[in-house]
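Below, chain A is the first sequence line, B the second, and so on; all start at residue 1. The shown structure was predicted, so the numbers you read here are calculated from the model rather than taken from an experiment.
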Protein chains: 2
Amino acid sequence: MTMAATAHRSNPAAEPRLGLRERKKIKTRMAIRTATYRLVEEQGYDATTIEQIADAAEVSPSTVFRYFPTKEDIVVTDEYDPLLEEELRARPEGEPLVESLRHVVHRAVERSASGEYGTPAEMRLRSRLMVEVPAVRARTIESMASTGLTLCQVVADRTGRDPSDLEVRVYCMSVVAALTEASRYWTEHGQRGHMGDYVQRALDVLEHGLEPRNSKSP
Amino acid sequence: MTMAATAHRSNPAAEPRLGLRERKKIKTRMAIRTATYRLVEEQGYDATTIEQIADAAEVSPSTVFRYFPTKEDIVVTDEYDPLLEEELRARPEGEPLVESLRHVVHRAVERSASGEYGTPAEMRLRSRLMVEVPAVRARTIESMASTGLTLCQVVADRTGRDPSDLEVRVYCMSVVAALTEASRYWTEHGQRGHMGDYVQRALDVLEHGLEPRNSKSP
DNA sequence: CCATGAAATGAGAGTAACTCTCAAAAGATT
DNA sequence: AATCTTTTGAGAGTTACTCTCATTTCATGG
């Protein structure tokens with residue numbers, strides 16, 4: 001919302017658009033996240049307390065909770081749904097839905113891998129936590145559901161249906177489930193190979209169902 | 001697992017198969033659940049504490065936690081995955097997967113509506129909580145994911161694939177997502193009509209995708 | 001540059017969901 | 001009836017999270 005991404009591209013003096021306050025908030029947010037990733041890497045998720053995180057980020061526990069409603073959110077939260085929506089809407093009118101999804105998701109995966117959203121190590125840890133820690137996993141799925149609702153909007157506009165239509169909802173949620181499963185699969189297999197490939201295969205299943213073809217594994 | 005269902009059908013003396021201990025455990029479990037449903041109905045989920053539940057069920061808080069690992073589990077937990085698996089496997093060999101699912105899910109919905117798993121009022125409350133209370137919702141999805149894994153086994157056997165195959169996983173998880181969404185839709189619309197109908201429509205979407213047909217809503 | 005207002009922070013007290021431990025109670029067994 | 005095993009209750013402890021209020025820190029208009 002506050003377009004944090006623009007901040008780190010500017011030379012120090014040229015863009016004092018954001019007041020000191022806003023800049024500090026962004027810094028604090030990052031400090032909390034960074035501290036969390038470091039501590040969790042060292043000690044594990046459950047063993048890391050909010051107090052430790054607060055100490056490491058040099059803020060008070062109160063402040064941690066002001067920035068993130070729950071401990072899980074420190075790891076899970078992202079704010080890229082608007083971006084996804086924007087890119088989806090930018091796809092050509094006539095293009096089949098699945099095709100659009102392929103493109104958009106492909107780009108999202110690329111950006112994620114390129115370190116735009118955090119260091120690669122952090123992203124990997126994040127993925128692992130989303131699979132391994134029940135609380136984080138649960139929060140992730142909630143977050144994905146909200147992404148699904150965003151998707152509903154776009155799909156509804158495209159197909160001329162109502163966004164609250166059962167069919168639209170089911171379709172979008174199955175898309176989200178497919179993507180989630182692809183990511184999970186990738187993580188469960190040591191995060192080897194490109195996640196994008198798994199995503200494409202997942203979308204294949206959505207498109208064509210489960211064809212009883214070859215019976216091989218990864 | 002302990003086939004609780006058989007207990008209440010037997011006349012008192014004829015089937016003392018289960019020792020007093022087992023019978024008591026079943027009773028305690030039910031007492032906790034019943035108390036929870038009653039209190040939650042009256043006060044809401046968040047306002048109901050474990051202590052209150054323990055009091056109402058006439059056990060200690062410790063005992064509540066022994067029976068249910070989390071508060072959400074009191075509401076969410078069921079043990080019908082094995083039943084689902086069994087019924088799925090009982091379907092004829094050649095039958096298309098989606099068709100089998102239709103039958104099995106249809107029967108499950110019927111049984112659920114007939115009060116076999118709890119009073120109708122309890123079932124309705126349960127559904128509402130699974131939609132409305134974030135924590136319960138999250139736990140529900142986790143539980144659905146484990147149902148998805150069960151489904152994977154069956155699907156894998158049917159299609160001659162590996163149960164950990166990405167395609168199988170994606171397919172099963174999208175099935176589960178579709179069913180979840182149908183249930184959610186039903187609840188969000190005041191639980192009017194038969195949930196079975198929504199489920200069938202959800203499976204239609206899985207089978208045929210989102211056809212840009214009519215643009216009407218419920 | 002300072003005074004005033006607004007927003008962010010920190011400190012502290014409080015709640016409730018869990019966890020662990022240990023001793024007492026109750027059912028099972030011989 | 002005596003012993004062994006399982007279940008239970010009591011209590012203390014941890015931690016995520018909430019609320020309140022005083023203090024600090026930034027923004028702003030004069």
Practice task
Can you tell me the distance, in whole Å, between the CZ atom of R23(A) and the P atom of dT25(D)?
Solution key: 17 Å

Handout entry: Sugar-phosphate, base or nothing in reach of Y67(B), heavy atoms under 4.0 Å
Key = sugar-phosphate

Problem - Spacing of E22(B) atom CD relative to dT7(D) atom P, expressed in whole Å - result: 7 Å

Exercise for the section: Using a 4.5 Å cut-off on heavy atoms from C-beta on, say whether the side chain of H106(B) contacts that of H103(B). Expected result: no

Practice task
Determine whether T28(B) and R33(B) make a side-chain contact, defined as any pair of heavy atoms from C-beta on separated by less than 4.5 Å.
Solution key: no

Problem - Rounded distance in Å - NZ (K27(A)) to C1' (dT9(C)) - result: 16 Å

Practice task
Over all heavy atoms of both residues, which pair between M195(B) and V109(B) is shortest? Give the atoms and the distance, please.
Solution key: CE-CG2, 3.9 Å

Practice task
Return yes if some donor-acceptor pair links the side-chain N/O of T63(A) with the main-chain N/O of V59(A) below 3.5 Å, else return no.
Solution key: no

Handout entry: Ring-face cation of K71(A) near Y45(A) (centre distance under 6.0 Å, axis angle within 45°)
Key = yes

Practice task
Would you mind reporting whether L151(B) and L101(B) have side-chain heavy atoms less than 4.5 Å apart?
Solution key: yes

Problem - Interface with DNA chain C, restricted to residues 128-136 of chain B and to heavy atoms under 4.0 Å - result: none

Handout entry: Residues from residues 32-66 of chain B lying under 4.0 Å of DNA chain D - heavy atoms
Key = V59(B), S60(B), S62(B), T63(B), R66(B)

Handout entry: Minimum side-chain heavy-atom gap L18(A)-I26(A) below 4.5 Å
Key = yes

Problem - Sub-4.5 Å side-chain heavy-atom contact between V168(A) and P163(A) - result: no

Fill in the blank from the handout: note: L20(B), atom CG; dT6(D), atom C1'; distance rounded to Å ~ 12 Å

Exercise for the section: Consider only side-chain N and O atoms of E85(B) and T150(B), and report whether a donor and an acceptor are under 3.5 Å apart. Expected result: no

Problem - Residue pair Y117(A) / M123(A): nearest heavy atoms and the distance that separates them - result: O-CE, 3.8 Å

Below 3.5 Å is the cut-off: list the nitrogen or oxygen pairs between protein and nucleotides 4-6 of chain C, distance only.
none

Fill in the blank from the handout: note: K24(B), atom NZ; dG27(C), atom C1'; distance rounded to Å ~ 8 Å

Problem - Least distance between heavy atoms, V75(A) atom then R126(A) atom - result: O-NH1, 3.0 Å

Handout entry: Interatomic distance, K71(B) NZ vs dT15(C) P [rounded to whole Å]
Key = 15 Å

